[in-house]
Amino acid sequence: NDLFYDNLEEILVTSDIGIKTSMELVRTLKEVVKKDKIKETQKAIEKLRELIVDIVKINNQKLNISKDELSIYLFIGVNGVGKTTTIAKVGNLLQKRGLKVMFSAGDTFRAGAIEQLKVWGKSLEIPVISQQEGSDPAAVIFDSIEAAKARDIDVLLIDTAGRLHNKKNLMEEMKKINKVIQREDGKKPEEIFLVIDSGTGQNALASAEEFIKNVPDITGLILTKLDGTAKGGMAIPLIKELNIPIKFVCLGEGVKDIDEFIPEKFIEGILG
Amino acid sequence: SLSEKLQKAFSKLTGKGRLSEDDVISALKEVQIALLEADVNYKVVKDFTKKIKEKAIGKDVLESLSPGQQVIKIVNDELVELLGGKIDKLEFSGRKPFIIFMVGLQGSGKTTTSGKLAYMLKAQNKKPFLIGADIYRPAAMEQLEVLAKKIDVNIFFDKNSKDVENIVSEGISIANKNNSDIIIVDTAGRQHLDDSMMDELINLKKSIKPDEIILVVDGMTGQDAVNIGKEFNEKVGIDSVAVTKMDGDSRGGAVISLRQITGKQIKLIGMGEKIDQLELFYPDRIASRILG
Ligand SMILES: Nc1nc2c(ncn2[C@@H]2O[C@H](COP(=O)(O)OP(=O)(O)OP(=O)(O)O)[C@@H](O)[C@H]2O)c(=O)[nH]1
Ligand SMILES: Nc1nc2c(ncn2[C@@H]2O[C@H](COP(=O)(O)OP(=O)(O)OP(=O)(O)O)[C@@H](O)[C@H]2O)c(=O)[nH]1
Ligand SMILES: [Mg+2]
Ligand SMILES: [Mg+2]
């Protein structure tokens, strides 16, 4: 029986749930097993599933869209997590629902970033507002909001450069971008997505905390690259701590490789 | 930090005189937790703490006056040894041109590191040549081209080709005409679970016969690092590892896991987005980072 709990701890830790959260879950499970007098391992694992579902199931998982005004979706996150690709996927989803979509090439820093979003825009027939590489992202975003309003766009999706949370100047730039949007649009963005790579380890928590400190209105998480062997377990302590829902999961590089977050499916990926 | 935690754990014990085996075991639990929080793989942590326990329960530690300091030193030395030797300089010599493949998961930093490596080699008076072999990602070739132009390094790519082997072999013949001595091939990001993409890499290796395959891994990678290392090494075969985004504050335990699972040398550390932010590997720097 000790072996059962040790194996469970190993499964949880190796899915990146983190040692402290894993130990806590095992501790809680032991109490529940004792209290409910559970004898079979299947039932115990079912209980563990319930414990985890309780953590990750948050009620506001719907996509926020304004009725008669422009909706703005801002995408932020660490370098290389999949922001630009996810914008293409979400843009495609919204367009398929009959909404008028526009992209804003807010990453004016990285080589080929503007071109990358333009290629997506072209293939999806979604207009892209951009300026020169090296220009001020706030200026591009300002232009994009003006253009979106002029062309009666329903949802404007804004791409930003990847950034590490310990880079103070980049955190400041992100704050400024958020301020510019609120000033130009007269309201907070309908969605601010923090995009997270499922393969990230324990640094994900410190990273998300710092992003939220600088952009308190983050409305949702998007977990990418769940099509590999990475389990995305760090999302569990993340949601527990920050109380922000996962609104989408991404399972591949194609435009259709995006799904709504289903807690049971996510946990099945971890517990099998 | 781990060293602070160990100091604390052992300062309670110093007053007792000799340490018992149980005392060492309980302090080693702190080491385990700290290493797991630093993203070192679960199994690697188990084997590692077993080794530490054998050394810590040895005679000289138990009779020492500052057991905490002793254990920290053992952990640090053991980490440094595990990580392998430091890299004094990049040795890409022998065959000319020397052909390097940059491989790894999506978004790990291959394209950026390809540019950085070319820049580093140019500073060493080498003549590097870049080949853009990522035919999938939108604007991947443009991205590499911008980097190549920035550092004035020759590059070959073909936006109209869907044949990776052709692109690479054509690039090599152009590099030869250019008298380049090192060729860096930037490949598409891929998942080790994706058989067709792994096959593409296996076939590319068979036909091009590169001299060095560098696995590029994101420094923030968690427990999955062992799977990445194991699968890429077993299916394709890698020669060394580059770890990126180490200018973040992730503790970098994935480095330990990669070294342990592949046995290959960690050579390069990405320390930023700029083209000159590539460093050679120093095990003691990484060890103290993991220890916090
Ligand atoms: N396998 C897989 N790859 C993905 C997924 N999402 C994105 N990618 C890939 O990850 C790589 C990086 O994606 P990008 O969209 O450029 O990431 P980004 O966050 O915009 O990167 P930066 O702008 O450089 O910070 C690309 O090769 C994408 O195709 C996913 O869900 N699964
Ligand atoms: N801060 C930091 N960012 C890095 C480092 N290396 C790469 N990046 C960033 O990480 C992101 C992804 O880098 P890429 O070079 O596009 O990664 P890739 O492996 O080629 O991606 P794919 O081709 O899509 O698989 C970019 O935003 C880079 O600027 C590094 O050492 N530090
Ligand atoms: Mg991007
Ligand atoms: Mg690339």
Side-chain angles (χ1 to χ4, degrees), chain A residues 9-20 22-23 78-85 88 109-123 133 161-167 170 197-204 206-207 210 224-225 227-234 252-253, chain B residues 32-43 45-46 105-109 111-112 115 136-150 188-194 217-228 231 244-245 247-254 272-273 275:
Chain A
E9 182 184 279
E10 179 170 351
I11 289 172
L12 296 175
V13 172
T14 53
S15 352
D16 284 320
I17 292 179
I19 181 70
K20 296 235 159 81
S22 301
M23 296 199 311
V78 171
N79 306 71
V81 297
K83 300 175 291 301
T84 307
T85 309
F109 172 75
R110 204 209 70 213
I114 296 167
E115 189 57 28
Q116 184 184 4
L117 190 61
K118 279 185 172 170
V119 172
W120 276 117
K122 191 150 181 252
S123 75
E133 185 175 303
R163 66 202 68 227
L164 293 179
H165 67 270
N166 58 329
K167 303 285 166 90
L170 297 181
D197 186 328
S198 303
T200 312
Q202 296 309 299
N203 199 239
S207 177
E210 192 61 23
T224 63
K225 308 182 199 171
D227 48 307
T229 48
K231 302 282 164 39
M234 72 320 193
E253 300 189 79
Chain B
Q32 272 197 353
I33 291 175
L35 291 176
L36 287 171
E37 287 181 331
D39 288 324
V40 183
N41 178 265
Y42 193 87
K43 289 214 173 66
V45 171
K46 277 238 147 74
L105 257 52
Q106 287 89 349
S108 64
T111 305
T112 307
Y136 309 100
R137 171 173 157 152
M141 298 183 183
E142 280 83 342
Q143 182 184 2
L144 192 62
E145 183 180 31
V146 169
L147 298 179
K149 281 207 176 110
K150 194 180 248 162
R190 68 200 70 223
Q191 293 287 336
H192 42 278
L193 276 192
D194 187 336
V217 181
D218 189 325
M220 301 179 309
T221 306
Q223 297 288 309
D224 201 42
V226 282
N227 298 326
I228 300 169
E231 294 299 309
T244 63
K245 307 177 202 172
D247 45 318
D249 59 16
S250 125
R251 302 261 295 284
E273 293 193 76
I275 203 96

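Order of the sequence lines fixes the chain letters, A, B, ..., with proteins taken first and strands second; residue numbering starts at 1 for each chain.
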Part of [X] lying under 4.5 Å from any heavy atom of chain B:
| X | result |
| --- | --- |
| A/Lys167 | side chain |
| A/Glu253 | side chain |
| A/Val78 | side chain |
| A/Lys231 | neither |

Could you give the distance from [atom1] ([X]) to [atom2] ([Y]), rounded to the nearest 0.5 Å?
| X | Y | atom1 | atom2 | answer |
| --- | --- | --- | --- | --- |
| A/Thr229 | B/His192 | OG1 | NE2 | 2.5 Å |
| A/Asp197 | B/Met220 | CG | CE | 7.0 Å |
| B/Gln223 | A/Met234 | CD | CE | 12.0 Å |

With a 4.5 Å heavy-atom cut-off, do A/Asn203 and B/Asp249 have their side chains touching?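 The answer is yes; the side chains approach within 4.5 Å.
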**Asked** Is any side-chain heavy atom of B/Gln191 less than 4.5 Å from a side-chain heavy atom of A/Lys225?
**Response**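 In short, these two side chains touch, coming nearer than 4.5 Å.
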- Query: Relative to chain A, which of B/Leu147, B/Asp194, B/Leu193 shows the most heavy atom pairs under 4.5 Å?
  - Reply: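 Winner by heavy-atom pair count: B/Leu193.
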Given the options A/Leu117, A/Leu164, A/Asp227, which has more heavy-atom pairs under 4.5 Å with chain B than any of the others?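 Highest number of pairs under 4.5 Å: A/Leu164.
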- Most heavy-atom pairs under 4.5 angstrom with chain B, which of A/Gly199, A/Ser198, A/Gly162?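 Max contact count across the listed options: A/Gly199.
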Hey, does the side chain of B/Asp247 reach the backbone of A/Asn166 with a donor-acceptor pair shorter than 3.5 angstrom?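 Checking the backbone N and O of A/Asn166 against the side chain of B/Asp247, no donor-acceptor pair under 3.5 Å is found.
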_Region of B/Lys43 that comes under 4.5 Å of a non-hydrogen atom in chain A_ =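 For B/Lys43, the contact with chain A is made by the side chain alone.
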| said: Looking only at side-chain N and O atoms, does B/Glu273 offer a donor or acceptor that is under 3.5 Å from a partner on A/Asn79? | reply: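 Yes, side-chain donor-acceptor contact under 3.5 Å.
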Quick one: list whatever passes side chain to side chain contact (heavy atoms under 4.5 Å, CB included) with A/Ile19, sequence neighbours left out.
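A/Ile19 satisfies side chain to side chain contact (heavy atoms under 4.5 Å, CB included) with A/Glu9, A/Val13, A/Met23, B/Ile33, B/Leu36, B/Glu37 once adjacent residues are dropped.
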Donor-acceptor pairs are to be reported for all side-chain atoms of residues 139-146 of chain B against protein atoms at under 3.5 Å, with residues two or more places apart or in another chain.
from, atom 1, to, atom 2, distance (Å)
B/Glu142, OE2, B/Lys159, NZ, 2.5
B/Gln143, OE1, B/Arg137, NH2, 3.3

